[in-house]
Amino acid sequence: AIVVWKLETHLHEKYLAPIIDRKFFRESYNSHQIIADLTDSLRSTTSLPQLIEQVATKIQTALKTENVTVLLRDETTGNYLSGYSCEFNSADGEAIVCQQPFRLRRDSLAVARLVETGQPLEVDSFDDDDLRRMKSALLLPLTTKQGMPGIVSLGARLGDLSFSGEDKALLMSVAGPTTFAIENSRLVERMIEEARRREEVEAENEQRAKELEEARQLQISMLPKTIPQLPHLEIAAYMKTATEVGGDYYDFHLSASGELTIVVGDATGHGLKAGTVVTATKSLFNHLAETADVTEFFSHSSRALKLMNMRSLFMAMTVARVKGHTLTISSAVMPPVLIYQAATGEIIEVQLTGIPL
């Protein structure tokens, strides 16, 4: 009796069940047509969510499973997370989209077996909580030469039928185009993301360039518009910054009594911070230019700059005051002043010690 029962069961599963399945539970079972339809739809789909929904729908249409879940590998953790999951009512076949997120760990035995074989895997023998939550009966690996970017989890068949060899062959024929489409979609997503980031960087660079140009124009506007004219002096000035905004500065002040005060300075570094120090120094020079003693100008300026708490920003400066035929020079760690005597052809180097403002 046992032998007869086993024989009948085998014959039922091999011959009768597929006929009943085709007759009552499936629409037209044509693997080539399913592949063609799926391939055509995948060619025109670049949206990853839409793509995996199409794959799940096609597979469920062909095999009439209780549920379909498409899991995609997370690039950060390596685990497989559900990108789309749908459960079908066994009574009327209506789809119920599952909102619950599913996960399959990368170190699970099922994943290891899929990586090893690259073939559909029935999961009855696996004691795995994740598979039970997904109500998974069969796993289809989506593999490439570089790895396994995805897994399709299928629930039990609606007609209480097992997965036949023909079913697994159909799934394997669908796996290739699906894997290619997923990889292509992810590549498109990365390209779009890189393009978006590049646009953001370009916009940020344009904004920064605009701000630097405005700061450069501001710095230029702080330089003297005219050079003082004195009967016994010829004065020339030229400045070219190394960057858009530098720490270089020069200025003049001609008092009512005819005293000319000249400053030449250099703030530490380049950029907006150096430009801020220059702005502050110009304000101080406008206020303190007529200080009787040029060393007092340094003392007052240094004290004021320190109170501004500019955090390790300094200003080197030379002050020269011309009164009649007398030149008075004071320096805060600037390079030497050079005096050329035309009569003898001699250059005098005036080296003054000091600390920066």
Side-chain angles (χ1 to χ4, degrees), residues 13 17-18 20-22 24-29 31 34-35 37-38 41-42 45 47-74 79-106 108-111 113-114 119-143 148-175 177-179 181-182:
E13 291 180 353
I20 295 173
D21 179 37
R22 291 188 182 95
F24 299 103
F25 293 101
R26 301 191 193 196
E27 295 174 3
S28 177
Y29 193 120
S31 60
I34 292 174
I35 294 172
D37 292 345
L38 181 58
S41 62
L42 295 182
T45 305
S47 169
L48 187 57
Q50 185 179 353
L51 184 150
I52 58 178
E53 181 179 354
Q54 288 181 0
V55 171
T57 303
K58 283 289 184 181
I59 291 176
Q60 202 283 330
T61 299
L63 300 183
K64 298 297 183 185
T65 57
E66 291 181 356
N67 60 74
V68 180
T69 300
V70 180
L71 302 117
L72 300 176
R73 185 180 59 207
D74 182 70
N79 294 326
Y80 291 85
L81 308 178
S82 58
Y84 176 84
S85 182
C86 191
E87 186 171 351
F88 294 85
N89 191 322
S90 59
D92 53 16
E94 289 295 326
I96 305 171
V97 178
C98 301
Q99 301 299 328
Q100 178 184 1
F102 295 114
R103 181 194 68 168
L104 192 57
R105 298 186 308 276
R106 64 176 182 178
S108 66
L109 293 176
V111 171
R113 183 68 62 82
L114 289 171
Q119 297 293 322
L121 177 66
E122 296 190 38
V123 300
D124 294 341
S125 59
F126 290 93
D127 184 15
D128 192 299
D129 292 336
D130 293 330
L131 294 175
R132 278 194 291 271
R133 278 193 291 270
M134 282 190 292
K135 301 178 183 178
S136 181
L138 184 101
L139 297 177
L140 172 67
L142 304 176
T143 59
M148 188 168 65
I151 299 172
V152 179
S153 169
L154 302 176
R157 301 284 301 283
L158 290 177
D160 292 329
L161 299 172
S162 60
F163 289 96
S164 65
E166 190 178 5
D167 296 333
K168 295 175 182 178
L170 169 66
L171 291 172
M172 285 302 296
S173 63
V174 171
T178 300
T179 305
I182 289 176

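Small disclaimer: the values here were computed from a predicted structure and weren't measured. Just so you know, these numbers use all the heavy atoms, side chains as well, and skip hydrogens, waters and symmetry mates.
Put simply, OG1 on Thr179 and CG on Leu140 are 7.5 Å apart, with the number rounded to the nearest 0.5 Å. Once rounded to the nearest 0.5 Å, the distance linking CG of Leu131 with CZ of Phe126 reads 8.0 Å. Once rounded to the nearest 0.5 Å, the distance linking NZ of Lys64 with CZ of Arg157 reads 10.5 Å. With rounding to the nearest 0.5 angstrom, the CD atom of Glu53 is 12.5 Å from the NZ atom of Lys58. How far CG of Leu63 is from CG of Leu138: 9.0 Å, rounded to the nearest 0.5 Å. Atom CD of residue Gln54 and atom CD1 of residue Ile59 lie 12.0 Å apart, to the nearest 0.5 angstrom.
Judged by distance alone, the side chain of Tyr84 and the main-chain N or O of Val55 form no donor-acceptor pair under 3.5 Å. For Asn79 (side chain) and Arg106 (main-chain N/O), a donor-acceptor pair under 3.5 Å exists by modelled atom type.
With hydrogens and angles left out, the side-chain atoms of Ser153 and Ser136 include a donor and acceptor closer than 3.5 Å.
Of all non-hydrogen atoms in Ser85 and Thr69, the two that sit nearest each other are OG-OG1, 2.9 Å. Between Pro141 and Gln119, the shortest heavy-atom contact is CD-O, 3.5 Å.
Other residues, nucleotides and ligands contribute more than 12 heavy atoms inside 6.0 Å of the CG atom of Leu81.
Each of Val123, Leu154, Leu71, Asn67 was compared with Met134 under the side chain to side chain contact (heavy atoms under 4.5 Å, CB included) criterion, and only Leu71 meets it.
Under the 4.5 Å side-chain criterion, counting only non-hydrogen atoms from C-beta, Phe163 is not in contact with Pro120. When side chains are defined from C-beta on, Val152 does not count as touching Thr178, because their heavy atoms never get closer than 4.5 Å. When side chains are defined from C-beta on, Leu139 does not count as touching Arg113, because their heavy atoms never get closer than 4.5 Å. The shortest distance between side-chain heavy atoms of Leu104 and Val111 falls below 4.5 Å. Put simply, the side chain of Leu109 does not reach to within 4.5 Å of the side chain of Asp128, judged on heavy atoms.
Partners of Asp130 under the side chain to side chain donor-acceptor pair (under 3.5 Å) rule, at least two apart in sequence or in another chain, are Arg105, Arg133.
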